[in-house]
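First up is the structure itself, then whatever we jot down about it.
Reckoned from all heavy atoms, side chains included, excluding hydrogens, waters and symmetry mates.
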Amino acid sequence: MNGVVGLETPAGSLALPAPRRLEREPGRAFARVRIGQVPLDMGRLDEVLACIERLVAGGQGGHILTPDVEQVVRAEGDASLREALATAELSLAGGTALVRAARVIGSPLPEPGVRWLPALVGLASARAWRVLVVADQPGLAEWTACALRDKYGLLAVGVAVEEVPEDGQGPWVDRLCDRLALTRPDLVLVSMATPKQELFCQYAAARLQPAVVVGTGLALASLLDRPWAPRRRWPLLAAVMAPVRRLFRSLAFLRVVAASRR
């Protein structure tokens with residue numbers, strides 16, 4: 001036709017993936033899309049903040065999680081983590097990787113959850129909520145609470161909890177929740193390793209009601225005015241192994257995303 005033979009693009013090669021069917025569960029604020037075993041809510045920033053405000057103002061409480069690549073990979077073989085994510089009042093993409101993955105499988109998400117964390121803190125300041133910051137990294141909870149008080153004028157308290165067990169529950173956690181409940185928090189920001197964080201949020205939410213418990217991961221450090229580096233027990237070994245772990249985790253994540261397209 002134009003003198004060039006064999007360069008025609010196959011009919012379906014540039015087709016976008018068909019939109020995935022969204023999950024609509026009774027009583028949930030938003031429809032959900034699933035990447036592997038992880039459900040993700042489709043609410044926009046303003047809708048998410050309004051939903052959280054209703055949870056606090058209505059005394060319902062609950063837990064909100066922000067899964068990312070690691071949670072997607074771990075959830076494939078961890079039933080407890082899958083349950084914590086499935087029962088969360090909100091499950092929001094914790095990073096751009098999940099936003100891109102959702103676009104690949106045909107269900108674009110509004111924006112990653114880490115972008116609404118400063119907006120959530122701003123809402124807490126406007127509503128004069130009492131805020132607890134709970135973290136297993138030494139110093140992170142205390143520094144973040146100071147930043148919330150200085151920058152946002154919040155009544156915020158930081159609590160370091162290095163002894164939380166891996167399953168996020170038990171007698172020690174019960175005693176911790178009893179002490180946390182004495183402050184009558186409206187909002188609890190939690191930063192721990194996965195899956196401890198998600199299991200703790202699920203367990204603690206029932207004992208801190210009507211507070212809303214939010215698992216933030218290391219995105220909590222974005223509220224600080226200075227960079228935060230997690231403290232490692234074996235820093236040299238961690239530095240060597242980190243790229244290897246990231247590679248294997250990324251490959252596992254790509255397999256999950258590929259399976260989700262089918």
Side-chain angles (χ1 to χ4, degrees), residues 16-25 28-49 51-52 62-120 189-202 212-223 230 242-243 245-262:
L16 294 175
R20 285 182 61 83
R21 181 179 299 174
L22 299 180
E23 299 177 4
R24 300 185 183 276
E25 302 176 25
R28 288 206 171 274
F30 310 112
R32 286 182 156 185
V33 64
R34 191 173 292 272
I35 297 178
Q37 302 292 330
V38 174
L40 297 168
D41 286 292
M42 302 292 288
R44 299 189 308 271
L45 174 62
D46 57 335
E47 296 172 329
V48 166
L49 294 177
C51 181
I52 296 174
H63 70 290
I64 297 170
L65 300 177
T66 55
D68 205 346
V69 172
E70 184 172 1
Q71 287 82 354
V72 170
V73 172
R74 282 179 173 267
E76 291 296 301
D78 190 329
S80 297
L81 177 58
R82 291 199 298 270
E83 180 186 0
L85 290 162
T87 57
E89 275 64 32
L90 289 173
S91 177
L92 304 167
T96 55
L98 262 62
V99 174
R100 291 195 296 266
R103 191 179 301 122
V104 166
I105 66 175
S107 298
L109 290 165
E111 54 194 298
V114 292
R115 293 185 181 173
W116 53 258
L117 188 54
L120 174 60
L189 304 179
V190 179
S191 174
M192 297 180 186
T194 296
K196 182 197 307 185
Q197 172 180 272
E198 290 73 23
L199 301 179
F200 173 83
C201 288
Q202 180 189 31
V212 173
V213 182
V214 183
T216 67
L218 286 178
L220 182 68
S222 66
L223 299 173
R245 291 197 182 99
R246 282 197 297 269
L247 174 61
F248 280 99
R249 186 177 60 192
S250 298
L251 292 174
F253 177 66
L254 290 175
R255 286 196 295 269
V256 173
V257 174
S260 298
R261 290 191 63 179
R262 295 197 289 267

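- Of all heavy-atom pairs spanning V69 and A97, the tightest one is CG2-CB, 3.5 Å.
- The CG atom of L92 lies 10.0 Å from the CG atom of L120; values are rounded to the nearest 0.5 Å.
- Residues R34 and P39 share a closest heavy-atom pair of NH1-CD, 3.9 Å.
- Side-chain contact check for T87 versus H63: some heavy-atom pair is nearer than 4.5 Å.
- Residues L218 and S191 meet the side-chain proximity criterion, which asks for heavy atoms closer than 4.5 Å.
- Interatomic distance, OG1 of T216 versus CD of Q197, reported as 6.0 Å (0.5 Å rounding).
- Closest approach of G95 to D68, counting heavy atoms only: CA-OD2, 3.6 Å.
- For L81 against A75, the heavy-atom pair with the smallest separation is CD2-N, 3.8 Å.
- For the pair V256 and V38, the minimum side-chain heavy-atom distance is 4.5 Å or more.
- Between E76 atom CD and R82 atom CZ the span is 7.5 Å, to the nearest 0.5 Å.
- To the nearest 0.5 Å, the span separating CD1 on I35 from CG on L40 amounts to 5.0 Å.
- Closest approach of T66 to G215, counting heavy atoms only: OG1-O, 2.8 Å.
- To the nearest 0.5 Å, atom CE of residue M192 and atom CG of residue L220 are 11.0 Å apart.
- The two atoms that bring L117 and A219 nearest to each other are CD2-O, 3.5 Å, heavy atoms only.
- A distance of 12.0 Å separates CZ of R74 from CG of L85, quoted to the nearest 0.5 Å.
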Discussion item. Let's go through I64 and V48 carefully: what are the C-alpha distance in whole Å and the side-chain angles of both, what is the deciding distance for side-chain contact (heavy atoms from CB on, under 4.5 Å) to 0.1 Å, and is it a yes or a no?
Written reply: CA-CA 11 Å; I64 297 170; V48 166; over 6 Å; no

